2 protein chains.
Amino acid sequence: MEQPRKGPRRGRTPAATGRTSRPRQAEVARLAGVSQATVSLVLSAKAKAQGSAISDETRQRVLDAARSLGYVPDPAAQRLAAARNNLLGVYSFTATFPTDVEHSYYPFLVGVEREAAARGYDLVLFTGSSSGGAKAAGPEALNRVRLADGCLFLGRHVPIAELKRMVADGFPVVHLGRREELEGLSWVGADYVSASSEVVRHLAALGHRRIVLVREDDDAPASTDRQQGFLEGLEAAGLPGGSEAVFRCADPGREVTPERLRSWIAEGVTAFVAEETDTGGAWRALRTAVDEAGLSCPDDLSLALLGSPPSDLAGDPQPTGFDVPRHQLGAAAVRMLAALVAGEAAEEPLVACAFRAGATTGGPPGPR
Amino acid sequence: MEQPRKGPRRGRTPAATGRTSRPRQAEVARLAGVSQATVSLVLSAKAKAQGSAISDETRQRVLDAARSLGYVPDPAAQRLAAARNNLLGVYSFTATFPTDVEHSYYPFLVGVEREAAARGYDLVLFTGSSSGGAKAAGPEALNRVRLADGCLFLGRHVPIAELKRMVADGFPVVHLGRREELEGLSWVGADYVSASSEVVRHLAALGHRRIVLVREDDDAPASTDRQQGFLEGLEAAGLPGGSEAVFRCADPGREVTPERLRSWIAEGVTAFVAEETDTGGAWRALRTAVDEAGLSCPDDLSLALLGSPPSDLAGDPQPTGFDVPRHQLGAAAVRMLAALVAGEAAEEPLVACAFRAGATTGGPPGPR
DNA sequence: CCAGCTTGCTAATGCGTATAAGTAATGCGC
DNA sequence: GCGCATTACTTATACGCATTAGCAAGCTGG
């Protein structure tokens with residue numbers, strides 16, 4: 001009794017049709033001689049407790065049928081049916097695989113992938129408005145991520161309004177990097193404050209009494225945090241802080257020149273700390289100035305870097321400082337996102353950085 | 001006449017529930033005083049031609065209503081209804097984000113992402129080892145990729161049987177790298193043959209008459225292609241080919257030693273060409289042997305590399321050879337995959353490599 | 001004046017899945 | 001042997017949207 005459909009609309013877009021349509025639960029069901037619902041029960045219970053009311057024999061038949069057909073659930077349908085599809089989105093506002101700053105997101109993604117795999121999630125890379133070509137990269141482009149169970153957002157220039165909306169809608173969202181201005185937005189970030197503070201304390205323990213932070217003219221949270229940690233470190237060591245301990249580079253005349261370096265040293269400064277940025281500008285400027293001033297690094301003064309050195313300076317002696325544990329950051333982000341998806345409480349958002357002893361610090365030069 | 005649902009099942013999983021249910025097309029419709037179908041027509045026709053049979057007045061009412069409610073379409077529902085999900089899979093048999101061989105797939109992925117974004121596709125990353133939900137890393141893990149509209153496969157050690165099955169099922173699959181042994185498998189690859197041939201012709205034009213190819217003991221298509229191009233280049237230049245023009249390194253005794261190098265030179269060989277591999281073994285061996293033999297590169301002999309130098313040798317003088325346009329390869333792979341998904345004819349699978357002049361070649365040394 | 005077209009919309013249906021509700025069939029205690 | 005719980009399923013329905021058949025009204029033309 002094949003009831004002939006009254007209005008079948010097979011043959012959608014000519015393009016979309018082409019394919020032998022991957023197997024559906026209905027086909028698995030037919031092959032196994034059960035109903036579609038049974039297939040759904042068996043397959044979704046697979047991971048969960050075995051408590052479902054399906055006999056082992058039937059279960060096995062269904063599983064065999066599914067395997068032999070190569071059945072894979074349709075994520076959109078799963079999602080629509082209001083379950084979850086074990087997909088986590090990753091959305092970056094720059095290209096996810098940046099051309100120039102290779103090292104910036106990559107290690108992070110390594111951690112993301114690893115942790116996601118360990119938790120049984122697959123990743124969907126939502127290609128942001130990244131490079132040209134994308135259609136009207138309007139705000140609705142962001143909504144694609146709702147296909148996944150939750151989404152990780154990378155990049156600084158995030159459209160807050162859109163994110164806010166998602167958060168308000170209860171869509172699980174985690175941002176990489178501290179983001180406290182948006183109430184309710186979950187984020188994970190490196191604990192730059194503690195790490196920077198620790199570097200300062202290290203210098204203080206070596207005997208340095210006047211330390212200067214060289215930073216760039218950028219007010220990203222990552223910069224602010226480092227400065228805060230730097231100042232906290234000074235305070236903890238009982239050293240003078242204040243605005244003169246922080247030097248902020250700016251284009252016109254505020255650069256780190258050999259002259260300025262000498263004048264600092266003349267004032268009794270014996271150690272310098274540079275913030276890390278994408279370009280490594282502050283660190284480069286310091287190193288160059290030291291070289292040009294004819295000074296030698298661990299002997300005449302100590303240098304520390306609040307982060308990892310740029311990869312093209314890999315040949316240089318390893319700077320004292322700390323490493324941002326990007327793998328762990330990625331993993332932490334996934335853990336937090338998974339927690340949100342599961343409706344559990346979020347965990348600690350700060351990930352500790354690892355202190356790196358390095359070879360650019362030593363005791364202050366003898367009094368001369 | 002609000003017909004009361006018999007079995008509403010609001011209140012799914014406690015976790016999944018928590019969303020303030022953003023507006024649906026039905027609500028927009030109610031507000032605009034039209035049917036849901038009209039809303040769908042208006043909204044989906046927005047981008048397309050205005051040829052839809054909806055009056056401008058109604059259209060405007062719907063658009064206003066949608067805006068005032070802040071309507072955004074549910075991507076899951078859209079995709080379910082449209083029978084495609086705009087997802088392309090990327091399956092690599094090593095980790096997608098390998099820790100060590102960063103540079104091998106990375107540039108390729110850059111191109112993949114860019115092109116995918118341009119075409120409105122998102123990417124799903126599958127990894128051979130991890131393979132989301134299914135812990136069983138068995139061959140059925142491969143089936144997970146069917147979640148996407150099509151899939152890109154990277155890596156040498158691809159289980160042919162499984163791929164064959166997918167291809168036979170009509171699932172769109174593109175392999176990165178030439179793969180002609182599998183009938184019907186689409187692939188994109190770099191045109192190593194032409195590029196290698198061009199390098200040889202370059203050497204011949206410089207006056208070299210005896211050239212030797214140093215390759216590793218690996219029969220990957222990429223190696224074979226280079227050798228073929230090398231031999232074709234010799235032939236095109238009217239130079240002697242044959243087996244003695246190709247040196248195949250092997251572990252036990254067949255290595256490129258300074259002695260062997262000298263003996264080649266004594267026989268009249270003036271130029272050497274190394275194949276590029278993951279490790280850059282052949283090239284390293286050549287360079288080392290040249291150094292140890294006390295020879296100087298562009299003067300005493302010419303060297304060329306059939307590919308790009310390993311990144312850790314970035315400081316060395318740039319070798320003559322060619323660059324594999326990995327970005328373009330990735331883009332080409334996506335284009336081909338998109339074509340398959342759309343049921344169109346596939347395009348040219350070979351991507352041309354760019355000749356790189358470099359500094360390691362010159363004329364043959366004067367007769368001595 | 002009505003067949004036949006066009007215009008502008010609605011009703012109905014399906015996409016693939018999850019799940020609540022329903023139905024036999026069996027087991028168990030008394 | 002009856003009520004009731006349990007097991008093992010199946011049936012029905014909904015998720016939100018796209019699509020298409022269909023309907024009503026307004027035209028046209030002969």
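Everything numeric in this text was worked out from a predicted model, so none of it was measured. Chain letters run A, B, ... following the sequence lines, proteins first, then strands; residues in each count from 1.
- Closest to the B:Gln78 side chain, of the nucleotides D:dT10, D:dA18, C:dT17, is D:dA18.
- Among the nucleotides C:dC9, D:dC17, C:dT17, the one closest to the side chain of B:Gln36 is D:dC17.
- Inter-axis angle, ends of the helix from C:dC1-D:dG30 to C:dC30-D:dG1, five pairs per end, rounded to 10 degrees: 50°.
- At least one cation-pi condition fails for A:Arg22 and B:Phe171: the charged atom is not both under 6.0 angstrom from the six-membered ring centre and inside a 45 degree cone around its axis.
- Rounded to an integer number of Å, the gap from CG of B:Asn85 to C1' of D:dG16 is 16 Å.
- For B:Asp56 and C:dT7, the CG to P distance is 13 Å, given to the nearest whole Å.
- Taking atom OH of residue B:Tyr71 and atom P of nucleotide D:dG16, one finds them 10 Å apart after rounding to whole Å.
- The side chain of A:Pro73 has C:dT17 as its nearest neighbour among C:dT17, C:dA11, C:dC15.
- Contact annotation: A:Ser55 side-chain N/O to D:dC9 OP1/OP2 distance is under 4.0 Å.
- A residue-by-residue look at B:Ala77 and B:Ala37 shows that B:Ala37 has its nearest nucleotide of DNA chain C further toward the 5' end.
- Nearest-nucleotide positions on DNA chain D place A:Gly33 closer to the 5' end than the other of A:Gly33 and B:Ser40.
- Computed from coordinates, the A:Asp74 CG to C:dG14 P distance equals 18 Å when rounded to whole Å.
- You'll find that the side chain of A:Ser35 is closest to D:dT11, out of D:dG16, D:dT11, D:dT20.
- Look at A:Ser44 and you won't find any side-chain N or O under 4.0 angstrom from OP1 or OP2 of C:dT19.
- With C:dC9, C:dT17, D:dC9 as the candidates, the nucleotide lying closest to the side chain of A:Thr38 is D:dC9.
- At whole-Å resolution of the value, CG in A:Leu69 and P in C:dG16 are 14 Å apart.
- Judged by distance alone, the side chains of B:Gln60 and B:Asp56 never bring a donor and an acceptor atom under 3.5 Å apart.
- Under 4.0 Å is where a charged nitrogen must lie from a carboxylate oxygen, and between A:Arg67 and A:Asp64 at least one such pair does.
- At a threshold of 4.0 angstrom between heavy atoms, the contacts of A:Val39 with the nucleic acid are absent.
- The pair A:Arg179-A:Glu181 counts as a salt bridge, with a side-chain nitrogen and a carboxylate oxygen less than 4.0 angstrom apart.
- No option in B:Val90, B:Val174, B:Leu176, B:Leu163 other than B:Leu163 meets the side chain to side chain contact (heavy atoms under 4.5 Å, CB included) test with B:Phe153.
- Atoms CD (A:Glu27) and P (C:dG16) sit 8 Å apart, rounded to a whole Å.
- Side-chain atoms of B:Asp149 never come within 3.5 Å of backbone atoms of B:Leu88 as a donor-acceptor pair (strictly under, hydrogens ignored).
- For B:Leu41, the listed nucleotide lying nearest its side chain is C:dT10; candidates were C:dG16, C:dT10, C:dG14.
- The number of heavy atoms from other shown groups lying within 6.0 Å of CD (A:Glu183) does not exceed 12.
- Atoms CD1 (B:Ile54) and P (C:dT6) sit 17 Å apart, rounded to a whole Å.
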